[in-house]
Amino acid sequence: MGRVRAIEQRRWLVRSVNLGVAGAVDDLGRPVQTVDRGDAVQSLDVRPKLLGRQTLYARLGDTPALALLLALVGVGVWRRREGIHS
């Protein structure tokens, strides 16, 4: 899920955990470095890029999908009231 979030937001993801897999994912969802559970590592050597701009999804969120949903519901209600059937 973290890889999908990194792609969606176009941001690097660096994950640190007590149990499981730790690592870094770049802004395209590609694993850069991972550390599996049980591997002895002192630190991750990762230098993520700092990106300044936001993606379209980060700016608008789910608003376009909700607007489309409301438009489709409105068309459905209008067609039902007018008695228009395909």
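Hydrogens, waters and symmetry mates play no part in the numbers below; they use all other heavy atoms, side chains included. This structure is a prediction, so every number in the text was calculated from the model and none was measured.
With a 4.5 Å cut-off on side-chain heavy atoms, Val25 and Arg5 do not count as touching.
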Output side-chain donor-acceptor pairs under 3.5 Å for residues 56-65, partner residues at least two apart or in another chain, one line each.
unit_1	atom_1	unit_2	atom_2	d
Tyr57	OH	Asp62	OD1	2.9
Arg59	NH2	Gln54	O	3.4
Thr63	OG1	Leu60	O	3.0

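Counting side-chain heavy-atom gaps under 4.5 Å among Ile, Leu, Val, Met, Phe, Trp and Tyr, the cluster of Leu69 also holds Val73, Val77.
For Arg11, there are no salt bridge (charged side-chain N to carboxylate O under 4.0 Å, His left out) partners at least two apart in sequence or on another chain.
For Arg79 and Glu82, the salt-bridge test fails: no basic side-chain N is under 4.0 Å from an acidic carboxylate O.
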